[in-house]
**Q** 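The structure that follows is given in the form of structure tokens.
Both ligands and their constituent atoms are indexed starting at 1 by order of listing. Since the structure is predicted, the reported quantities are computational estimates derived from the model, not experimental observations. Starting from 1, each residue takes its place in the sequence as its number.
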Amino acid sequence: MNSSMRRIVYLSTATRLMSDLELMDVLRVSRENNTRDGVTGLLLYQGGNFIQLLEGESAAVDTVYARVMKDPRHHSVLRMLDNESPERLFPGWSMGFRPTASLGDELKQEIAEFIIKAPQEATTTDGRRALRLVSSFVQSMR
Ligand code: FAD
């Protein structure tokens, strides 16, 4: 339990379609930095869209999010969820990644759990809308 734990989910558009090599480069840097910063989460990439969940200590998430927002490899960022959260949903993942065509049952299960748990934490109208977006996006990738 950590009362200052924060979770952000955003949806963005890749500036151009990314190759596997480019995606792996993003992931390598993300995992190194996130391990150092105590940030965990999940990155999905599908047909030119990213959906990323970042969670960790609030100041650490702020720092990573600000850095990621400046990245020219994506744009049109929609912050879909930003709230305090009592616990991590993906504690073991410095940045879990799936090219979503290959979503496995385990990941689907984790995402389903996220969607089920998250509404309890979304107190604002915006939060609920964000969760519906997460849900539709995830469903669209099946
Ligand atoms: P530097 O490596 O010093 O780069 C300077 C600038 O160039 C930065 O704005 C950087 O974003 C940009 N840049 C770097 N490489 C390229 C490239 N190949 N093409 C174009 N521009 C480039 N980082 C994390 O630490 N944690 C994350 O969870 C995370 N998630 C990401 C999710 C997405 C969808 C994307 C696109 C990037 C993500 N990144 C993440 C990478 C992040 O945006 C930074 O590139 C990285 O953290 C290094 O930051 P830096 O300030 O040290 O940049």
**Q** Under 4.0 Å from a heavy atom of Val64: which atoms of ligand 1 are those, numbered in the order shown and with their elements?
**A**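 Near Val64, meaning under 4.0 Å from one of its heavy atoms, ligand 1 has 26 (N), 27 (C).
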**Q** Using distance alone, decide if ligand 1 has a nitrogen or oxygen within less than 3.5 Å of any nitrogen or oxygen in Asn33.
**A**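 Yes: some nitrogen or oxygen of Asn33 is under 3.5 Å from one in ligand 1.
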**Q** Between Val68 and ligand 1, which residue portion shows a heavy-atom distance shorter than 4.0 Å: side chain, backbone, both, or neither?
**A**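 For Val68, the contact with ligand 1 is made by both the backbone and the side chain.
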**Q** Could you tell me whether atom 33 (C) of ligand 1 has at least one protein heavy atom nearer than 4.0 Å?
**A**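 It does: a protein heavy atom is found less than 4.0 Å away from atom 33 (C) of ligand 1.
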**Q** What verdict does the side-chain contact (heavy atoms from CB on, under 4.5 Å) test give for Glu87 and Met5, after you've listed the backbone C-alpha separation in whole Å, the side-chain angles of each residue and the deciding distance to 0.1 Å?
**A** CA-CA 7 Å; Glu87 61 190 14; Met5 191 67 70; over 6 Å; no
**Q** Using a 4.0 Å heavy-atom cut-off, which part of Met95 comes near ligand 1: side chain, backbone, both, or neither?
**A** side chain
**Q** Is it true that a side-chain atom of Asp25 and a backbone atom of Leu21 form a donor plus acceptor pair closer than 3.5 Å?
**A** no
**Q** Considering non-hydrogen atoms of the protein only, which is the closest contact for atom 39 (N) of ligand 1, and what is the distance?
**A**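 Here the closest protein heavy atom is Ser30 OG, 3.6 Å.
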**Q** Should Tyr10 be listed as contacting ligand 1, given a heavy-atom distance under 4.0 Å as the test?
**A**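 Judged by the 4.0 Å heavy-atom criterion, Tyr10 does count as contacting ligand 1.
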**Q** Provide the number and element of each atom of ligand 1 under 4.0 Å from a heavy atom of Leu54.
**A**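 Under 4.0 Å from Leu54, ligand 1 has these atoms: 28 (O).
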**Q** What heavy-atom pair brings Arg7 and Ser85 nearest, and what distance separates the two atoms?
**A**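 Closest approach of Arg7 to Ser85, heavy atoms only: NH2-OG, 2.7 Å.
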**Q** So which heavy atom on Val68 is nearest to which on Gln52, and how close?
**A**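 Answer, listing the atom of Val68 first, then Gln52: CG1-OE1, 4.0 Å.
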**Q** What protein heavy atom lies closest to atom 48 (C) of ligand 1? Include the residue and the distance to one decimal.
**A** Val29 CG1, 3.9 Å
**Q** Hey, is atom 4 (O) of ligand 1 under 4.0 Å from any protein heavy atom?
**A** no
**Q** Among all protein heavy atoms, pick out the one at the shortest distance from atom 51 (O) of ligand 1; state its residue, atom name and that distance to 0.1 Å.
**A**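 Ranked first by proximity to atom 51 (O) of ligand 1 is Arg67 CD, 3.5 Å.
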**Q** Specify the protein heavy atom at minimum distance from atom 12 (C) of ligand 1: its residue, its atom name, and the distance to 0.1 Å.
**A** Pro72 CD, 3.9 Å
**Q** Side chain to side chain contact (heavy atoms under 4.5 Å, CB included) with Leu54: which of Asp82, Leu43, Thr40, Val39?
**A**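 Filter result, single survivor: Val39.
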**Q** Select one of side chain, backbone, both or neither to describe which atoms of Val39 lie under 4.0 Å from any atom of ligand 1, heavy atoms only.
**A** neither
**Q** Do you see a protein non-hydrogen atom under 4.0 Å from atom 30 (N) of ligand 1?
**A** yes
**Q** Is it the case that the side chain of Thr15 and the backbone of Pro72 share a donor-acceptor pair, with hydrogens and angles ignored and the cut-off at 3.5 Å?
**A** yes
**Q** Looking at every non-hydrogen atom in both residues, tell me the closest pair between Val77 and Met69 and how far apart they are.
**A**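 Result for this residue pair: CG1-SD, 3.5 Å.
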**Q** Given the rule in the side-chain contact (heavy atoms from CB on, under 4.5 Å) test, do Glu22 and Arg16 qualify, once you have shown the distances and angles that lead to the verdict?
**A** CA-CA 11 Å; Glu22 289 169 318; Arg16 54 186 181 77; 2.6 Å; yes
**Q** Evaluate side-chain contact (heavy atoms from CB on, under 4.5 Å) for Asn33 paired with Arg67, printing each intermediate quantity in order.
**A** CA-CA 11 Å; Asn33 291 344; Arg67 206 166 58 224; 3.4 Å; yes
**Q** Check whether any protein heavy atom sits under 4.0 Å from atom 7 (O) of ligand 1.
**A** no
**Q** Just to be sure I'm reading this right: ignoring hydrogens, which of Thr35, Asp71, Asn49 gets closest to atom 44 (C) of ligand 1? Compare them by their nearest heavy atoms.
**A**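 Heavy atom nearest to atom 44 (C) of ligand 1 belongs to Asp71.
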**Q** Over 60° means perpendicular and under 30° means parallel, so tell me whether Tyr45 and Phe50 are parallel, tilted or perpendicular.
**A** tilted
**Q** Going by the atom numbers of ligand 1, which of them fall below 4.0 Å from some non-hydrogen atom of Phe50?
**A**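 Matching atoms, with element in brackets: 34 (C).
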**Q** Any chain of hydrophobic side-chain contacts (each under 4.5 Å) joining Val61 to Val29?
**A** no
**Q** Looking only at protein heavy atoms, which one is nearest to atom 9 (O) of ligand 1, and what is the separation?
**A** Lys70 O, 4.0 Å
**Q** Take Asn83 and Arg6, measure what side-chain contact (heavy atoms from CB on, under 4.5 Å) needs, and give me the verdict at the end.
**A** CA-CA 6 Å; Asn83 63 13; Arg6 169 107 165 273; over 6 Å; no
**Q** Would you confirm whether any non-hydrogen atom of the protein falls under 4.0 Å from atom 26 (N) of ligand 1?
**A**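 Yes, there is a protein heavy atom closer to it than 4.0 Å.
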**Q** State whether the shortest distance between N or O atoms of Asn34 and N or O atoms of ligand 1 falls below 3.5 angstrom.
**A** yes
**Q** Which residue from Gln52, Met69, Arg73 reaches closest to atom 13 (N) of ligand 1 through any of its heavy atoms?
**A** Arg73
**Q** Report the nearest protein non-hydrogen atom to atom 38 (C) of ligand 1: residue, atom name, distance rounded to 0.1 Å.
**A**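 Nearest neighbour among protein heavy atoms for atom 38 (C) of ligand 1, to 0.1 Å: Val26 CG1, 3.7 Å.
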**Q** Tell me, with the steps shown, if Arg28 and Glu32 meet salt bridge (Lys or Arg N to Asp or Glu O under 4.0 Å).
**A** CA-CA 6 Å; Arg28 183 182 49 76; Glu32 276 172 21; 3.7 Å; yes
